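Data first, discussion second: the structure below is written as structure tokens.
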Amino acid sequence: MKKGDHLFLVDGSGFIFRAFHALPPLTRKSDGLPVGAVSGFCNMLWKLLTEARDTSVGVTPTHLAVIFDYSSKTFRKDLYDAYKANRSAPPEELIPQFGLIRQATRAFNLPCIETEGFEADDIIATYARQAEALGADVTIVSSDKDLMQLVTDNVHMYDSMKDKQIGIPDVIEKWGVPPEKMIDLQAMTGDSVDNVPGIPGIGPKTAATLLAEYGDLDTLLERATEIKQEKRRQTIIENADKARLSRELVKLRTDVPLELAVADLILEAQDGPKLIGFLKAMQFTSLTRRVAEACECDAGAIDAVDVPVEWGANAHGPDLDVAEPAPVAGGTPEVVGDAVSVPAKVNGSAAPEGSFTPSDFAKSRADAFASLPFDHSRYVTIRDVATLDKWIADARETGVIGFDTETTSLDAMQAELVGFSMAIADNAKSPTGVNIRAVYVPLGHKTGVGDLLGGGMAENQIAMRDALPRLKALLEDQSVLKVAQNLKYDYLLMKRYGVETKNFDDTMLISYVLDAGTGAHGMDPLSEKFLNHKPIAYKDVAGSGKSNISFDLVDIDRATHYAAEDADVTLRLWMVLKPRLAAEKLTTVYERLERPLLPVLAHMEERGITVDRQILSRLSGELAQGAARLEDEIYQLAGERFNIGSPKQLGDILFGKMGLAGGSKTKTGQWSTSASVLEDLAAAGLELPRKIVDWRQLTKLKSTYTDALPGYVHPQTKRVHTSYSLASTTTGRLSSSEPNLQNIPVRTAEGRKIRTAFISTPGHKLISADYSQIELRVLAHVAEIPQLTQAFADGIDIHAMTASEMFGVPVEGMPSEVRRRAKAINFGIIYGISAFGLANQLSIERSEAGDYIKRYFERFPGIRDYMDSTKQQARDKGYVETIFGRRINYPEIRSSNPSVRAFNERAAINAPIQGSAADVIRRAMIKMEPALAEAGLSERVRMLLQVHDELIFEVEDEDVDKAMPIIVSVMENATMPALEMRVPLKVDARAATNWDEAH
DNA sequence: GTCCGACCGTA
DNA sequence: TTACGGTCGGACG
């Protein structure tokens with residue numbers, strides 16, 4: 001090494017943390033391995049190596065080394081036991097990345113330096129002084145103030161994030177003292193992050209003033225008695241020893257024994273294939289491309305190398321010795337092929353000052369975005385391909401976009417694409433660390449006025465045939481994370497355009513995982529809640545009601561404001577919400593139960609199911625006839641014509657005009673005419689109430705099912721495509737709408753006829769597979785009830801067993817009424833039983849119902865324990881959990897209103913049971929398509945519907961025998977390997993040409 | 001046109 | 001006694 005050489009010393013540990021903070025949190029490889037910091041590190045390093053000449057450094061290095069901390073056990077710990085004592089463990093997802101980053105450094109063909117017992121800063125100091133002595137120039141790539149003491153005329157620092165060189169004047173400007181006095185300054189001010197004590201009450205300003213006056217720390221301490229301010233004089237005298245200790249702690253050593261001599265840190269040429277092999281293994285597609293271009297390699301010809309990953313305590317990064325393993329909540333750790341993660345409790349303890357925890361990060365994000373204004377004037381409309389390409393390139397560069405589509409319909413199966421918007425977050429120098437910009441790309445807007453053909457295309461739009469391939473490439477690019485709100489809609493829409501979106505997040509689903517039970521998860525409420533911003537309402541753009549226009553007729557400028565804002569809001573919500581998943585230990589729920597279900601449901605919706613319109617039409621006629629006959633008879637009995645469908649009019653007839661007794665009132669004071677009231681009257685021998693009940697049944701079936709379903713048959717596919725909502729129940733169940741296929745009648749013979757209209761296509765069968773008693777099995781599992789567990793293990797009738805336990809009646813020859821009561825009690829337990837509710841259900845006295853409950857708890861004390869502890873948890877923490885760690889919040893559980901409180905308690909008891917069952921079938925659904933594919937049955941066995949504990953498939957005739965055992969096995973083993981239940985799950989499956997016979 | 005309550009279909 | 005969505009009537013504007 002000689003004069004004219006230039007040594008770059010990269011502060012690797014500092015780089016890691018900067019990369020981690022600067023990038024979107026939780027960037028992961030497709031197998032779940034977090035690689036965000038690795039990605040940031042590689043990008044920064046590549047930039048440094050290729051662009052050093054163009055940056056403010058202005059030179060190209062001849063020598064370069066990347067320096068890391070070895071561990072936190074250094075000589076400083078011997079000097080001062082509390083050194084860095086209040087630093088917390090690094091974020092969980094950073095742990096496996098420490099090792100990867102060292103491997104990355106070697107892949108870049110760079111020396112990777114660390115020495116036991118010393119910090120990176122000491123190694124840097126030693127090399128810097130050695131190089132300086134040999135006449136070389138030094139650039140320390142870091143912005144850490146601890147390194148500023150090293151700055152001289154020949155040694156500079158370089159802040160790569162801000163592209164700013166730091167020399168002697170910069171240190172003076174920032175700290176008020178020249179670099180050589182930085183040690184004394186830091187000794188006085190201390191450092192809360194590293195737990196360097198310093199002198200209490202002395203900050204950088206005071207320290208600089210004192211140093212200017214007294215020259216250095218020793219002189220100051222000698223002449224401390226001269227200080228005029230009494231308080232300051234006293235603390236300095238009292239803390240003189242602390243200051244001297246602190247000086248030893250902050251002073252960097254320049255005598256670290258080094259394996260590699262400074263002259264050997266020669267910057268070698270890049271080994272292109274070696275680097276590309278590593279980058280490919282990390283799935284950094286855009287950097288791979290840039291590196292391949294730069295070294296003229298064919299990236300396609302190079303295989304990804306095997307990269308060993310150290311996941312847990314074996315990975316050594318700074319301060320791992322203080323890392324505690326995360327506590328396990330319930331169940332065993334989730335292990336599905338790759339990563340190990342653990343559903344765990346929130347770490348409620350306050351983070352020490354200056355440390356960086358996932359919670360701190362989430363909180364800082366929340367604070368930053370709560371008041372970041374929206375500037376609509378910055379939204380841009382893209383009207384040419386070149387600009388679109390530029391934005392897509394930027395998206396690849398930043399790796400994450402907010403995304404939204406604009407269409408002609410709320411129904412994703414019918415909607416046509418009108419345009420799309422995207423938002424990009426640049427890591428700009430804004431207070432939030434990000435700068436978000438957004439665009440709208442109109443594709444199918446029409447002119448409102450219209451020519452003879454009824455409205456032509458608006459001008460200056462990119463042609464669909466040009467835009468679609470680009471959009472497809474972007475949405476299918478694994479290296480770009482697409483963030484959307486309610487992505488299932490956009491996913492399904494785009495799938496119909498031949499695009500299968502990959503690598504995505506859904507802010508609605510993240511909110512649902514984090515805050516189920518605390519409100520809606522739509523974009524507008526989330527925006528108001530987290531961004532303090534009310535987005536432009538759809539109806540303000542497209543109108544509402546009769547004056548509503550289709551989005552393709554909306555003026556493009558107005559559309560840009562609306563659409564770009566949606567992408568902007570979505571990306572901001574992601575910035576706020578995504579870090580909370582890690583902070584609140586809900587990443588596993590989101591990644592295993594929520595996000596992967598989205599494409600599964602989209603595929604089910606896209607497939608739809610055939611309904612036979614002729615059957616429905618025939619049924620409709622029969623129902624109309626039956627209802628008409630009953631109407632005549634009802635008018636006869638009532639002595640007048642009235643609207644039977646009006647509970648108000650009916651109540652007046654029954655309890656007013658006819659003066660019947662036994663009526664009850666609804667909460668609004670109206671006479672109740674519910675089925676149970678009418679049944680009671682019918683049981684007393686009255687004809688009219690019976691006929692009304694029958695009439696209601698027929699008209700219900702007709703209006704809700706036989707008349708409504710044909711309207712949902714898709715004009716092209718000729719099938720019915722329901723829409724599943726992933727985020728509208730509190731417990732984790734799905735809901736189905738337009739049409740709701742989760743409430744197709746089954747209990748009565750009349751109702752079941754509707755199921756015969758749900759048919760398989762010719763050459764196929766429908767298979768219905770349903771869990772037997774899944775909620776009671778979950779209850780037996782969570783409450784650990786020996787009798788229930790045994791009964792399920794033995795496969796005996798659970799309600800009969802309950803009755804036998806409670807009433808001492810043998811199962812053999814048990815009267816059906818006894819079993820019926822036990823069954824009602826079992827359901828009552830699941831629903832968070834009350835004597836009032838059970839009495840209502842069984843039409844018995846409340847005291848008798850109370851006796852039943854008492855007896856039940858005597859026979860099954862574990863159930864009462866479970867119910868009590870669940871209520872207690874809900875009260876203490878405000879939420880309860882399912883067996884897979886899904887959290888359901890009950891913010892009103894401590895209401896002062898007793899009926900509100902009681903309601904919340906019952907719901908809190910029910911939620912873990914209903915929600916765990918929902919988690920189980922979700923897992924089955926997620927595993928189903930891969931399991932069928934493995935058996936060679938892809939698209940030959942197609943999952944169509946889910947009805948809470950039942951899955952319906954459409955299967956080619958010859959595959960039925962092969963498919964059935966696979967379906968049953970996936971469902972029965974759905975909890976494995978994450979969790980083995982104490983009771984077996986049982987699934988019944990049947991095949992037939994219609995849903996009624998298959999069920 | 002829009003909202004809400006009553007009612008009833010499912011698990 | 002839990003969790004949903006759809007239809008209707010009726011009141012509001």
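Scope of the values below: all heavy atoms of this structure, side chains included, with no hydrogens, waters or symmetry mates. Each chain gets a letter, A, B and so on, in the order the sequences are listed, and its residues count up from 1. Since the structure is predicted, the reported quantities are computational estimates derived from the model, not experimental observations.
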Is the closest side-chain donor-acceptor distance between [X] and [Y] under 3.5 Å?
X: A:E738; Y: A:T722; answer: no
X: A:R696; Y: A:T673; answer: yes
X: A:R990; Y: A:S768; answer: no

Over how many whole Å does the gap from [X] atom [atom1] to [N] atom [atom2] extend?
X: A:N743; N: B:dC7; atom1: CG; atom2: P; answer: 18 Å
X: A:R747; N: B:dT10; atom1: CZ; atom2: P; answer: 5 Å
X: A:I913; N: B:dA11; atom1: CD1; atom2: C1'; answer: 14 Å
X: A:L650; N: B:dA6; atom1: CG; atom2: C1'; answer: 12 Å
X: A:D996; N: B:dT10; atom1: CG; atom2: P; answer: 12 Å
X: A:K700; N: B:dC7; atom1: NZ; atom2: P; answer: 12 Å
X: A:K823; N: B:dA11; atom1: NZ; atom2: P; answer: 10 Å
X: A:K702; N: B:dC8; atom1: NZ; atom2: P; answer: 18 Å

message = As an exercise, state the distance from CD1 of A:I510 to CD of A:E594, rounded to the nearest 0.5 Å.
response = 10.0 Å

Give one of base, sugar-phosphate or nothing for [X], where a contact means two heavy atoms less than 4.0 Å apart.
X: A:A675; answer: sugar-phosphate
X: A:S728; answer: sugar-phosphate
X: A:Y771; answer: nothing
X: A:A824; answer: base
X: A:G832; answer: nothing
X: A:Q670; answer: nothing
X: A:R733; answer: base
X: A:L838; answer: base
X: A:F836; answer: sugar-phosphate
X: A:L701; answer: nothing

Member of A:L681, A:L637, A:I634 meeting the side-chain contact (heavy atoms from CB on, under 4.5 Å) criterion with A:E687 =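 When A:L681, A:L637, A:I634 are each tested with A:E687, the side-chain contact (heavy atoms from CB on, under 4.5 Å) holds only for A:L637.
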
ask   = Using 30° and 60° as the class limits, which term best fits the ring planes of A:H714 and A:H721: parallel, tilted or perpendicular?
value =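 Rings of A:H714 and A:H721: perpendicular, as their planes differ by over 60°.
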
ask   = What is the ring orientation for A:Y538 with A:F551, classed by angle as parallel under 30°, tilted 30 to 60°, or perpendicular over 60°?
value = parallel

task = May I ask you to decide whether A:R819 forms a salt bridge with A:D797, counting only side-chain N to carboxylate O separations under 4.0 Å?
result =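 Salt bridge between A:R819 and A:D797, a charged N being under 4.0 Å from a carboxylate O: yes.
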
message = Do A:N994 and A:R755 make a side-chain contact, defined as non-hydrogen atoms from C-beta onward lying under 4.5 Å apart?
response =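 In short, these two side chains do not touch, never coming nearer than 4.5 Å.
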
side-chain N/O A:T673 vs B:dA6 OP1/OP2, d < 4.0 Å =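 Result: no.
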
message = B:dT10, OP1 or OP2 - any side-chain N/O from A:S736 closer than 4.0 Å?
response = no

message = I need the residues from residues 943-952 of chain A with at least one non-hydrogen atom less than 4.0 Å from DNA chain B; give them sorted by number, or say none.
response = A:V947, A:H948, A:D949

task = Compute both the distance and the angle, then confirm whether A:R846 meets the cation-pi test with A:F836: under 6.0 Å from the six-membered ring centre, within 45 degrees of the axis.
result =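 No, A:R846 does not sit over the ring of A:F836.
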
Would you tabulate the side-chain donor-acceptor contacts of residues 512-519 of chain A under 3.5 Å, counting partners in other chains and residues two or more places apart, or write 'none'?
| from | atom 1 | to | atom 2 | distance (Å) |
| --- | --- | --- | --- | --- |
| A:Y512 | OH | A:T729 | O | 2.8 |
| A:Y512 | OH | A:T729 | OG1 | 3.3 |
| A:Y512 | OH | A:G732 | N | 3.1 |
| A:D515 | OD1 | A:R580 | NH2 | 2.9 |
| A:D515 | OD2 | A:R580 | NH1 | 3.2 |
| A:T518 | OG1 | A:D515 | O | 2.7 |

note = Contacted region of DNA chain C by chain A, from 5' end to 3' end of the hits, cut-off under 4.0 Å to heavy atoms, spans C:dT1 to C:dA11

request  = Kindly say whether, by distance alone, the side chain of A:R696 makes a donor-acceptor pair under 3.5 Å with the base of B:dA6?
outcome  =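 In this structure, the two groups form no donor-acceptor pair.
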
